[in-house]
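Order of listing sets the numbers, starting from 1, for every ligand and every atom in it. Positions are given from 1, in the same order as the sequence printed here.
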Amino acid sequence: MKILVTGGAGFIGANFVYYELNNHREDEIVCLDKLTYAGNLETLTAAFSNPKFKFYKADICDREEIERIFDAEKFDVVVNFAAESHVDRSIENPEIFLKTNIIGTQVLMDASRKFNVKRFHQVSTDEVYGDLPLDRPDLFFTESTPLKTSSPYSSSKAGADLLVNAYHRTYGLPTTISRCSNNYGPYQFPEKLIPLMIANALENKPLPVYGEGINVRDWLYVEDHCKAIDLIIRKGKVGEVYNIGGHNEMRNIDIVKLIIKELNKSEDLIVHIEDRKGHDMRYAIDPTKIHNELGWLPETKFADGIIKTIKWYLDNKVWWENIISGEYKNYYDKAYKERIEKAK
Ligand code: NAD
Ligand code: DAU
């Protein structure tokens, strides 16, 4: 089988590239990535030495280039990870989110129709369901929960999901969609909560917690997400949506305190800063369907996964130090400097 992985130089896409190369040695993996600020070729260094791996630098919105690549490669399966993925950036500049996440998905699906791709898998997110109240721990997102988005990011992902379902119903494109909760693990860009807190704590910098830090996310180790997608593309039912989550709900403040403890730092580093606009309170996935139909269960417990992740960031300082010394520094100063000053 030949699998196209778009966005494979990013966090989850790269972990998926390695998952496939390690677990399906007979398959060919082609990665296509625009290498935006979030894409990093260094992440794929080990993949480049595998003869079953190939890389294209391309934009999923560039119809001509995408069709040329699809024509040349004749993919069996397309897994679309490519996206603008950071909620805070979407609040500052929604446009690129609509372009990449919606138009880019459309371009990939048009090419998939034209070149007879057997499965188009869309990597979506639990954020399309909006949020749940903190005082109703009995509520969970199921696949039939209505879409009700809060941020430009989640709206662009929901828009893409609707379009995927429309391409299935209208044109018969063999699609599947997965909606996963928050991932953590190796190669996550240090703008996201867990790697940002690890990197800042290691450098004794302030740890910027939005508001009181009581928002809840349902954390899943990235390899478990990759395994779920692998099962869906091989055994999942065409036209279906699958929720993926680990029943591992945690408050942001508790994650930050855990990282501080593991790194032997002081809680005095925590700064409660002005909240994210439209901040979702709680996400919680009900993964019953993927468990019952495909036998998927998360394998990594949070207590083990977070230690592995912290160790990875300690062992791979050069990887994230290169990132935080580049363009990211301007983003960080713009997003945090004033809010941290104000909070002091
Ligand atoms: P990421 O930001 O780390 O990586 C995104 C990748 O897409 C980067 O390599 C980037 O260069 C590439 N990209 C962006 N625009 C592109 C374009 N126009 N053409 C080609 N490539 C482009 O994101 P991530 O956290 O790895 O998320 C991957 C996918 O999973 C996204 O679709 C996201 O919505 C979804 N998701 C993420 C999480 C999470 O917790 N991180 C959870 C659920 C779903
Ligand atoms: O739920 C899946 C989603 O998880 C994915 O679709 C997104 O691509 C991914 O970025 C992630 O979105 P979140 O907004 O939940 O993740 P983030 O790491 O940005 O924030 C996690 C929580 O931590 C959130 O409640 C905001 C808070 N936070 C985040 C940052 C970056 C802070 O308190 N301080 C911070 O500096």
Test ring pair (Phe, Tyr, Trp, His ring centres under 6.0 Å) applied to Phe11 and Phe81, step by step: CA-CA 9 Å; Phe11 165 45; Phe81 291 93; 10.0 Å; no
Assess the residue pair Glu274 and Lys342 against the criterion (salt bridge (charged side-chain N to carboxylate O under 4.0 Å, His left out)); give the C-alpha distance rounded to whole Å, side-chain angles, the decisive distance to 0.1 Å, and a yes or no. CA-CA 8 Å; Glu274 183 193 330; Lys342 256 201 220 161; 3.7 Å; yes
Lys118 and Asp76: salt bridge (charged side-chain N to carboxylate O under 4.0 Å, His left out), yes or no, with the steps? CA-CA 5 Å; Lys118 294 184 200 78; Asp76 298 297; 2.5 Å; yes
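With hydrogens and angles left out, the side-chain atoms of His121 and Thr175 include no donor and acceptor closer than 3.5 Å.
Counting heavy atoms under 4.0 Å from ligand 2, residue Val87 touches it through the side chain alone. Heavy atoms of Lys157 found under 4.0 angstrom from ligand 2: none, in either backbone or side chain. Contacts between Lys192 and ligand 2, counted as non-hydrogen atom pairs separated by less than 4.0 Å, involve both the backbone and the side chain. Residue-level proximity to ligand 2 for Asn182 is carried by backbone and side chain together, each with a heavy atom below 4.0 angstrom.
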One line per pair, note the atom names and distance for all nitrogen or oxygen contacts under 3.5 Å between ligand 1 and the protein.
unit_1	atom_1	unit_2	atom_2	d
ligand 1	2 (O)	Ser85	OG	2.7
ligand 1	3 (O)	Phe11	N	3.1
ligand 1	9 (O)	Gly10	N	2.9
ligand 1	9 (O)	Asp33	OD1	3.3
ligand 1	9 (O)	Asp33	OD2	2.6
ligand 1	11 (O)	Asp33	OD1	2.5
ligand 1	11 (O)	Thr36	N	3.0
ligand 1	11 (O)	Thr36	OG1	3.1
ligand 1	18 (N)	Asp59	OD1	2.8
ligand 1	19 (N)	Ile60	N	2.9
ligand 1	21 (N)	Lys34	N	3.1
ligand 1	23 (O)	Ser85	OG	3.2
ligand 1	26 (O)	Phe11	N	3.3
ligand 1	26 (O)	Ile12	N	2.8
ligand 1	32 (O)	Phe81	O	3.1
ligand 1	32 (O)	Lys157	NZ	2.7
ligand 1	34 (O)	Tyr153	OH	2.6
ligand 1	34 (O)	Lys157	NZ	3.1
ligand 1	40 (O)	Asn183	N	2.9

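Between Trp320 and Tyr313, the ring-plane angle classifies as tilted under the 30° and 60° cut-offs.
Ranking the protein heavy atoms by distance from atom 21 (C) of ligand 2 puts Leu193 CB, 3.8 Å first.
The shortest heavy-atom contact between Tyr328 and Glu191 is OH-CA, 3.5 Å.
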